[in-house]
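Below is one structure, written out as structure tokens, with a few remarks after it.
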Protein chains: 2
Amino acid sequence: MSTRPSDAVATLLGQRIKAPTSAVERVADVLREQIVDGALRPGTQLTEESLSTAMRVSRNTVREAYSLLIGERIAVRVPNRGVFVAAPDVAAITDLYAVRALLEPAALRWGPGLDERAVAGLRADVTEAQRCREAHDWVGVASENQHFHRHVVAVGGSERLSTIFATVLAEMRLVFHEAGGPFHAPFVDQNVHIVELLEQGHREAAAEELTRYLSDACAALISAVSKPPSHG
Amino acid sequence: MSTRPSDAVATLLGQRIKAPTSAVERVADVLREQIVDGALRPGTQLTEESLSTAMRVSRNTVREAYSLLIGERIAVRVPNRGVFVAAPDVAAITDLYAVRALLEPAALRWGPGLDERAVAGLRADVTEAQRCREAHDWVGVASENQHFHRHVVAVGGSERLSTIFATVLAEMRLVFHEAGGPFHAPFVDQNVHIVELLEQGHREAAAEELTRYLSDACAALISAVSKPPSHG
DNA sequence: ATTGCCGGATTGTTCAACAATCCCTACTCT
DNA sequence: AGAGTAGGGATTGTTGAACAATCCGGCAAT
């Protein structure tokens with residue numbers, strides 16, 4: 001996969017002529033990052049006035065930015081009450097895993113993009129997750145886990161699917177904040193096993209392992225968020 | 001699957017206490033319908049001022065409504081140029097069918113919702129499609145075809161998936177307007193065959209038939225939109 | 001034919017204002 | 001003490017006017 005000189009030029013030009021980011025998008029970007037990183041917790045109200053003041057934009061701009069996030073399901077608008085960071089409940093968790101249980105194994109089974117390079121990428125994800133786990137870096141474990149699953153869906157070979165799945169992952173991030181630090185640690189080994197099966201060319205077995213993993217993870221997550229907090 | 005009396009009451013109450021529709025949503029609803037029905041053709045510019053005047057709302061309200069449609073991918077915003085009805089090209093069509101090729105057969109294979117009632121619903125869809133075809137009602141054929149595929153994905157048992165797929169179908173509607181009236185007619189029989197397989201309990205065979213169907217339909221659609229219009 | 005400039009159309013954003021909604025608190029009544 | 005009601009404050013939903021910025025098309029000059 002060589003890069004032809006004309007490709008390189010087009011890439012540079014593409015970057016040069018890319019439209020500047022609008023204020024709406026900038027506000028949404030800042031908020032999205034704070035939500036996904038857990039700085040804005042589920043259920044937090046996002047008031048138009050305070051954000052308008054803090055980011056020195058008008059309330060109309062804030063409203064438009066909110067609409068972007070609502071479309072991504074990481075925020076919800078309650079008419080006449082305000083916009084809140086989404087707080088996925090058990091039903092939402094169940095639904096999210098239903099999406100994943102359909103998408104991810106299907107991508108592993110028939111996705112047209114599962115070549116050696118893709119498998120190597122998945123191997124890199126789990127290797128990094130293992131390293132983070134040894135270092136008790138739970139944020140890193142969660143992050144690598146999401147990379148892994150994003151790459152799984154990317155095997156499906158559809159840009160739209162990848163975009164859709166990014167919103168699923170963003171919503172899942174909200175849930176993981178509720179679940180607590182080491183949630184993903186026990187599942188790293190299952191991801192490793194999935195990669196091993198893929199490396200041996202056993203796509204069907206890998207897909208079945210992934211289905212089991214998702215079912216286990218769903219049950220564990222529901223259990224984790226249904227418990228009273230064990231540490232204030 | 002009986003409806004308990006308390007469920008029926010809750011449904012009624014749910015409807016009663018549902019929040020009134022905001023102006024933004026009303027504008028978006030009107031536009032969405034016009035786009036999906038073909039009254040607003042792909043590539044049409046939606047100017048804020050004219051819509052603001054036509055619908056007696058402010059430009060800010062129009063902008064917010066546009067953002068909803070853009071999130072659904074049936075409109076696109078070109079910064080500083082305006083908002084246009086989406087005009088899916090061959091790459092978009094290919095991507096849409098990639099989504100469908102992953103989602104729909106997976107739903108048929110493992111979707112938890114494929115009970116007798118669901119199969120009966122699919123049978124009703126194809127029966128209605130056949131009736132529309134006999135009547136040369138191509139709009140009806142296309143509409144029933146979409147009902148069929150929506151119900152297929154609903155078998156996946158996820159509200160999010162169904163919502164996501166609704167946007168896929170809306171975008172497909174734009175493409176079908178380009179393709180011409182009888183596009184779906186030749187595929188009705190394949191849908192019938194899929195239902196027959198499901199009625200016989202052959203989920204795997206039905207999924208494979210659906211995969212073939214989608215591949216054929218994709219190729220036919222790309223061919224149809226790549227041709228010069230055969231009738232002005 | 002090409003280039004540059006200007007004007008018009010439209011978008012992106014701001015601001016101030018007002019109406020509407022909702023929630024919380026305080027007060028009154030039983 | 002408990003329940004109900006009213007009022008005020010906070011916030012949202014929306015409007016309209018204004019201004020800056022961008023883009024495109026038409027026209028003039030070379």
Side-chain angles (χ1 to χ4, degrees), chain A residues 13-32 34-35 40-87, chain B residues 13-32 34-35 40-87:
Chain A
L13 285 177
Q15 290 175 343
R16 168 65 57 79
I17 65 177
K18 182 169 181 175
T21 308
S22 68
V24 170
E25 284 173 16
R26 272 185 269 113
V27 171
D29 286 346
V30 168
L31 283 174
R32 185 183 300 109
Q34 298 214 312
I35 291 172
L40 286 172
R41 305 301 305 247
T44 305
Q45 179 160 17
L46 310 173
T47 57
E48 298 172 3
E49 187 75 50
S50 62
L51 199 77
S52 167
T53 303
M55 297 201 69
R56 302 172 187 251
V57 293
S58 89
R59 265 183 60 215
N60 287 111
T61 302
V62 168
R63 289 183 60 84
E64 277 189 56
Y66 285 166
S67 292
L68 292 186
L69 303 177
I70 290 158
E72 295 167 27
R73 307 183 81 110
I74 58 175
V76 293
R77 189 188 299 269
V78 182
N80 295 307
R81 297 245 347 251
V83 170
F84 302 80
V85 177
Chain B
L13 284 177
Q15 291 174 345
R16 169 67 56 83
I17 64 178
K18 184 168 180 175
T21 309
S22 67
V24 171
E25 284 173 16
R26 274 187 268 112
V27 171
D29 286 348
V30 168
L31 283 174
R32 186 183 299 108
Q34 298 213 312
I35 292 172
L40 286 173
R41 306 302 304 247
T44 305
Q45 179 160 17
L46 310 173
T47 57
E48 298 173 5
E49 186 75 49
S50 63
L51 200 76
S52 168
T53 303
M55 297 202 68
R56 301 172 187 249
V57 293
S58 89
R59 266 183 61 216
N60 287 114
T61 303
V62 168
R63 290 183 61 83
E64 276 191 56
Y66 285 165
S67 292
L68 292 187
L69 303 177
I70 290 158
E72 295 167 25
R73 309 182 80 110
I74 58 175
V76 293
R77 189 189 298 271
V78 181
N80 295 307
R81 298 250 340 256
V83 171
F84 302 80
V85 177

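Distances were taken from every side-chain heavy atom of B:R77 (C-beta onward) to each of D:dT12, C:dC15, C:dG12; the shortest belongs to C:dG12. Residue B:R81 places its side chain closer to D:dC24 than to any other of C:dG12, D:dG13, D:dC24. Closest to the side chain of B:V57, out of C:dT11, D:dT15, D:dG13, is D:dT15. Distances from the side chain of B:S22 to the nucleotides C:dT11, D:dT14, C:dT13 place D:dT14 closest. Nearest to the side chain of A:N60, among C:dT13, D:dT14, D:dC23, sits D:dT14. Of the candidates C:dT13, D:dT12, D:dT14, C:dT13 carries the atom nearest the A:A23 side chain, counting heavy atoms from C-beta on.
Nucleotide D:dC24 holds its C1' atom 11 Å from the CZ atom of B:F84, rounded to whole Å. Computed from coordinates, the A:E64 CD to C:dT14 C1' distance equals 12 Å when rounded to whole Å. The distance from atom CG of A:N80 to atom C1' of C:dA19 is 11 Å, rounded to the nearest whole Å. For B:E49 and C:dT11, the CD to P distance is 8 Å, given to the nearest whole Å. Atom-to-atom, CE of A:M55 to P of C:dT13 comes out at 12 Å; the value is rounded to the nearest Å. For B:E48 and C:dT13, the CD to P distance is 10 Å, given to the nearest whole Å. Following rounding to the nearest Å, B:R59 (CZ) and D:dC19 (C1') show an atom-to-atom distance of 11 Å. To the nearest angstrom, C1' of C:dT14 lies 14 Å from CZ of A:R26.
Residues passing the side chain to side chain donor-acceptor pair (under 3.5 Å) test with B:T47 are B:S50, sequence neighbours excluded.
Using a distance-only test at 3.5 Å, with no hydrogens or angles considered, a donor-acceptor pair links the side chain of A:S52 to the main chain of A:V57. In this structure a side-chain-to-backbone donor-acceptor pair under 3.5 Å is missing from B:Y66 to B:A75. Of the possible donor and acceptor atoms, one in the side chain of B:T53 sits under 3.5 Å from a partner among the backbone N and O of B:E49.
Checking the phosphate oxygens (OP1, OP2) of D:dA10, no side-chain nitrogen or oxygen of A:Q45 falls inside 4.0 Å. Within the 4.0 Å cut-off from OP1 or OP2 of D:dT15, at least one side-chain nitrogen or oxygen of B:T61 is found.
Nearest heavy-atom pair, A:Q45 versus A:R81, reported as atom, atom and distance to 0.1 Å: NE2-O, 2.9 Å.
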